[in-house]
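Read the numbers this way: they start at 1 and go in the same order the structure lists the ligands and their atoms. For the single chain, residues carry numbers from 1 onward in sequence order.
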Amino acid sequence: MGKPIYVTKSSMPPYEEYIEVIKPLWETHWLTNMGKWHQKLEQKLSEYLDVPEISLLVNGHMALELAIQSFQFPEGAEVITTPFTFISTTHAIVRNKLVPVFCDVKESDGTIDPDKIESLITDKTVAILPVHVYGNVCDVESIKQIADKYDLKIIYDAAHAFGVRHKDIGIGNYGDVSVFSFHATKVFNTIEGGAVVCKNHELYEKMYNLKNFGIRGEEEVSYIGANAKMNEFCAVMGLCNLKRVGETFAARKRVYERYNNAIAEIDGIVSLINKGEEMNYSYYPVLVEDSYGCSRDELYNRFKKQEIYVRKYFYPLTMDCDCYRDRYKKSCVEVANYLADRVLALPIYEELEDADIKRVIEVIRSQ
Ligand SMILES: *Cc1c(COP(=O)(O)O)cnc(C)c1O
């Protein structure tokens, strides 16, 4: 047996490069509060992601919470979302005192099924909050049509979709607002971090205040904000990682293609990745279908015995977690349940070696 293999491994720049850039911080002592590197990373990211403006935050979750807060929806209003996601998506809605209404997803890629949205709309609905899960692009055109028809806001959880493009523009341009995560486990990281894409300067200013206690001036506090600013050490990490992001994607693409070729010959194992225009290879989720011959959990345990720590992303559905079970109206999420019971995310990261990829594939083959 080889060394343990985990589902991901954080990208890091060369040590010397990072140290070189943070060195001046020992002279300026400017460690946080929208410093030089925070500004520089905002500028670089708005270029890279091809979006008008972007506001950096301490993590993706706070970015999502504060992006929702910026709309000032009335307490108890309903937000249509999906349960096939990381728990953060649902928490961000509920922590804003809004009610999540769970919509089913598409079997092909796990994103919200636009055909099932309209029947969930009530006079309390204010927004749709879809997730570009695994970097799979939601059906942004149909979602927009529905939102326009019923005058709803669209808030995208784009935590998985860094660098993804659709119809030749950055994914962050869709919807009223999009939120990214730069957590250590994501395809691009700032150690911890996140961002809100701003369509206009007004939203940028609002996010700037919301992440800094709602403070507008020395003697002026206009919003009930939080403290969710990104610090300089994280911003520098982001700048260093951003330089190498092309290499990161290329290295991950090699893994992705190796897996694609291997599973093409294995009955009952199918990829949940939707081959979009420009993808980021952030995850490699597969479905263990009934024809494979053993269950997802059996395969998971077989991996574990080989010290390969694959993950059940996303099981359980957020609506079935203890804090939410039986708390909200039941809607039919048959497909989400189907996926949650069969999905397994395989290891994918820049430094995953050929021998490791082979070990992963062997476990799936050794039926
Ligand atoms: C990671 C993630 C978040 C939260 O981001 P953090 O930076 O970890 O706070 C939100 N939604 C989804 C779908 C995620 O995967």
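Here is the list of ligand 1 atoms found below 4.0 Å of a heavy atom in His61: 4 (C), 5 (O), 6 (P), 9 (O). For ligand 1, the atoms lying closer than 4.0 Å to a non-hydrogen atom of Thr85 are 13 (C). Atoms of ligand 1 found under 4.0 Å from any heavy atom of Gly193, numbered from 1 in the order shown, are 7 (O). Taking a cut-off of under 4.0 Å to the non-hydrogen atoms of Asp157, the atoms of ligand 1 that pass are 10 (C), 11 (N), 12 (C), 13 (C). In the vicinity of Lys186, heavy-atom distances shorter than 4.0 Å reach the ligand 1 atoms 1 (C), 2 (C), 14 (C), 15 (O). Taking a cut-off of under 4.0 Å to the non-hydrogen atoms of Gly60, the atoms of ligand 1 that pass are 5 (O), 6 (P), 7 (O), 9 (O). Annotation for ligand 1: atoms under 4.0 Å from non-hydrogen atoms of His183 are 7 (O), 8 (O).
Both Leu344 and Tyr281 belong to a common hydrophobic cluster when Ile, Leu, Val, Met, Phe, Trp and Tyr are linked at side-chain heavy-atom distances under 4.5 angstrom.
Every heavy atom of Met62 sits 4.0 Å or more from the atoms of ligand 1. Using a 4.0 angstrom heavy-atom cutoff, Leu64 does not count as in contact with ligand 1.
On a distance-only criterion, His160 and ligand 1 share at least one N/O pair closer than 3.5 Å.
Of the charged side-chain nitrogens involved, none lies within less than 4.0 Å of a carboxylate oxygen, so that Glu53 and Lys199 do not count as a salt-bridged pair.
Residues passing the ring pair (Phe, Tyr, Trp, His ring centres under 6.0 Å) test with Phe182, sequence neighbours excluded: Phe162, Phe188.
Comparing heavy-atom distances from atom 12 (C) of ligand 1 across Ala159, Ala63, Gly194 singles out Ala159 as nearest.
Shortest contact from atom 10 (C) of ligand 1 to any protein heavy atom: Ser88 OG, 3.2 Å. Distance from atom 5 (O) of ligand 1 to its nearest protein heavy atom, with residue and atom name: Ser181 OG, 3.2 Å.
Contact check for His91 versus His61: side-chain heavy atoms found under the 4.5 Å cut-off. Counting heavy atoms from C-beta on, the side chains of Pro52 and Asn200 never come closer than 4.5 Å. Between Met279 and Phe249 there is no side-chain heavy-atom pair separated by less than 4.5 Å.
In this structure, Lys312 forms a cation-pi arrangement with Tyr300, its terminal cationic atom sitting closer than 6.0 Å to the ring centre and no more than 45° off the ring axis.
Relative ring orientation between Tyr328 and Tyr324 is described as tilted, the plane-to-plane angle lying within the 30° to 60° band. Aromatic ring pairs are classed by plane angle as parallel below 30°, tilted from 30° to 60° and perpendicular above 60°; the pair Tyr134 and Phe84 is perpendicular.
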